[in-house]
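Keep in mind it's a predicted model, so treat the numbers as computed, not measured.
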Amino acid sequence: MIEFKFRMKAILVMVLMMSLHQRVLVSAQDCPSTHDLLNSLRQVEKMLAVHETSYQQGVRSLRKKISALHNSTMVIFKMGKNASCPNPEPPANGRILGRVFGVGHEVHFLCKPGYELIGPRTRVCLESLKWSGQQPMCRRLNSTITSLASFTSDASSSAALSASSAASSPSPNSSPTSFTPSSSIRPSNCTHFLGSTHCTCDVGFTISGRDNNICTDIDECHLFPLGQPGRLCVHQCLNTPGSFHCVCPSGYSLAKDSRSCTDIDECENHSNNCTADQLCVNTFGGFQCVTVECPKTKNATYIQTSPMLCERTPCMLGDKKCTQAPSSISFHFLAVVSNMSAPRVLFRVSAARVVGDTLRFGLAGGRGRGHFSVQRSGRQTGTLLLVTPVKGPATLEAEVEMSELERNTLLGRYLTKVTLFVSPYMF
């Protein structure tokens with residue numbers, strides 16, 4: 001802007017000099033008057049003002065265009081950064097290793113035992129958001145291993161194979177033909193062409209040996225350990241020759257993805273041993289048989305009006321200890337996983353109707369009170385919160401009390417007993 005004003009002043013001086021020079025040429029005796037000079041200066045100032053306004057408008061327009069270009073560039077950059085290829089389809093009788101489908105990431109394909117992979121073992125997500133190569137397939141292997149006959153092509157290979165076979169077989173008289181597809185060590189598949197030998201292994205094995213004549217099983221469970229990103233199984237991974245198998249703890253079944261574990265509802269499928277007077281509560285990985293009993297106190301008498309509710313019988317006139325006892329006691333049972341994130345809402349207590357002018361909510365007792373808190377979440381509602389994670393297995397109890405008052409005079413107390421069953425597992 002300073003440079004612009006400097007240039008405008010220079011132009012003004014040049015215009016004045018040209019105007020004066022022109023007048024001198026026209027008539028040396030006809031000198032310009034002061035009024036004419038002032039008019040000339042005003043015209044030049046107007047012209048400069050118009051140019052300055054136009055310049056400022058152009059600068060503002062240019063800034064808007066630059067800002068719009070920057071925003072659109074950032075949007076395109078973010079889209080490109082988060083871009084990913086479509087979810088790849090696992091081959092029939094096979095599966096995929098890899099869960100990140102972003103540009104530059106790889107996925108690997110494996111077949112079930114008894115099948116061989118036809119096509120690429122690895123595909124990469126390209127910048128065009130397409131997978132490299134063709135979709136592989138799993139083909140059933142023949143019942144006979146034809147490559148074993150050609151495996152003993154020379155004495156060194158035969159000796160190496162016999163040593164490997166002796167290490168993996170209980171028979172002292174091992175031979176090259178003692179290899180089976182279920183063993184962890186197998187002969188490689190070698191082809192001979194024009195004096196050169198090329199050896200490969202089945203899926204799930206890696207080539208080894210001095211002459212690349214041995215295929216050793218890859219321990220996928222060791223490559224992808226539990227508790228780390230990319231783990232193969234939620235609970236336990238068992239390595240098998242050329243593959244792996246996921247195992248779930250008691251009380252769970254293996255999910256359809258063959259990796260996750262799904263809780264078995266023993267209460268719904270009647271696979272529990274609860275008696276007729278007990279309530280079956282399904283938990284993560286098991287079940288609990290609970291008995292709801294009304295408390296027996298000297299001050300009040302309770303009767304069970306429903307499977308989960310005990311109500312106080314009417315009190316004698318003037319019996320303050322009886323009237324101060326809870327009007328009702330309800331029971332609730334919840335099941336959660338181990339180390340569940342906190343804070344978390346567990347239960348809400350609400351008043352169906354309010355007679356007094358005040359409702360109060362609080363914790364009355366229970367085991368593990370340090371893990372719970374009660375907050376008011378509405379005019380007639382209180383919320384029980386889990387404020388710290390709990391490592392299972394564990395059983396916690398919380399007693400939530402709702403008091404109804406009229407001008408600070410107690411009208412009634414209502415107690416809700418919540419029992420929390422914490423699973424030993426995090427799923």
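Annotation: side chain of Leu359 is in contact with side chain of Val354 (closest heavy-atom distance under 4.5 Å). Side chains of Phe331 and Pro307 form no contact here, defined as non-hydrogen atoms less than 4.5 Å apart. Phe427 is not listed as a side-chain neighbour of Ser260, based on a closest heavy-atom distance of 4.5 Å or more. Residues Ser328 and Tyr414 are in side-chain contact: their nearest non-hydrogen atoms beyond the backbone lie under 4.5 Å apart. Counting only heavy atoms from C-beta outward, the side chains of Ile303 and Thr313 approach each other to under 4.5 Å. With a 4.5 Å cut-off on side-chain heavy atoms, His371 and Val422 do not count as touching. Contact check for Pro91 versus Tyr115: no side-chain heavy atoms found under the 4.5 Å cut-off. Contact annotation: the side chain of Met402 never approaches that of Thr416 to less than 4.5 Å [non-hydrogen atoms, C-beta and beyond].
A side-chain donor from one of Ser403 and Glu401 sits under 3.5 Å from a side-chain acceptor of the other. A donor-acceptor pair shorter than 3.5 Å cannot be found between the side chains of Asp319 and Asn299.
In this structure, the side chain of Arg376 engages the main chain of Arg379 through a donor-acceptor pair within 3.5 Å. Side chain of Glu404 to backbone of Leu411: no donor-acceptor contact under 3.5 angstrom is found. Looking at Ser132, its side chain does come within 3.5 Å of a backbone N or O of Val124 through a donor-acceptor pair. Looking only at distances, a side-chain donor or acceptor of Asp357 sits under 3.5 Å from a matching main-chain atom of Arg407. With hydrogens and angles ignored, the 3.5 Å screen pairs no side-chain donor or acceptor of Ser67 with any backbone N or O of Arg63. Checked by atom type and distance alone, the side chain of Gln375 never pairs as donor or acceptor with a backbone atom of Leu385 at under 3.5 Å. Between the side chain of Gln380 and the backbone N or O of Ala351 there is at least one donor-acceptor pair closer than 3.5 Å.
Of the residues listed (Thr206, Asn239, Thr240), the one engaging Asp217 in a side chain to side chain donor-acceptor pair (under 3.5 Å) is Asn239, and it is the only one.
By the SG-distance test at 2.5 Å, no disulfide connects Cys221 to Cys233. Not less than 2.5 angstrom separates the SG atom of Cys289 from that of Cys280.
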Residues Thr419, Val290; criterion side chain to side chain contact (heavy atoms under 4.5 Å, CB included); working and verdict: CA-CA 10 Å; Thr419 303; Val290 299; over 6 Å; no

Stepwise side chain to side chain donor-acceptor pair (under 3.5 Å) test for Tyr302 and Arg312: CA-CA 4 Å; Tyr302 292 89; Arg312 189 191 67 197; 5.7 Å; no

Disulfide bond (SG atoms under 2.5 Å apart) between Cys199 and Cys190, intermediate numbers included: CA-CA 4 Å; Cys199 299; Cys190 298; 2.0 Å; yes

Trace of the disulfide bond (SG atoms under 2.5 Å apart) decision for Cys201 with Cys215: CA-CA 6 Å; Cys201 293; Cys215 290; 2.0 Å; yes

Stepwise side chain to side chain donor-acceptor pair (under 3.5 Å) check, Ser423 with Ser338: CA-CA 5 Å; Ser423 168; Ser338 179; over 6 Å; no

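Here His332 and Phe347 bring their ring centres to under 6.0 angstrom of each other. Ring to ring, Phe224 and Phe244 are not that close: their centroids are 6.0 angstrom or more apart.
Within 6.0 Å of CD in Glu293 there are 12 or fewer heavy atoms belonging to other residues, nucleotides or ligands.
Considering CG of Leu110 and CG of Asp202, their distance stands at 12.0 Å, rounded to 0.5 Å.
Taking all atoms of both residues into account, the shortest heavy-atom contact from Leu346 to Phe372 is CD1-CE2, 3.6 Å.
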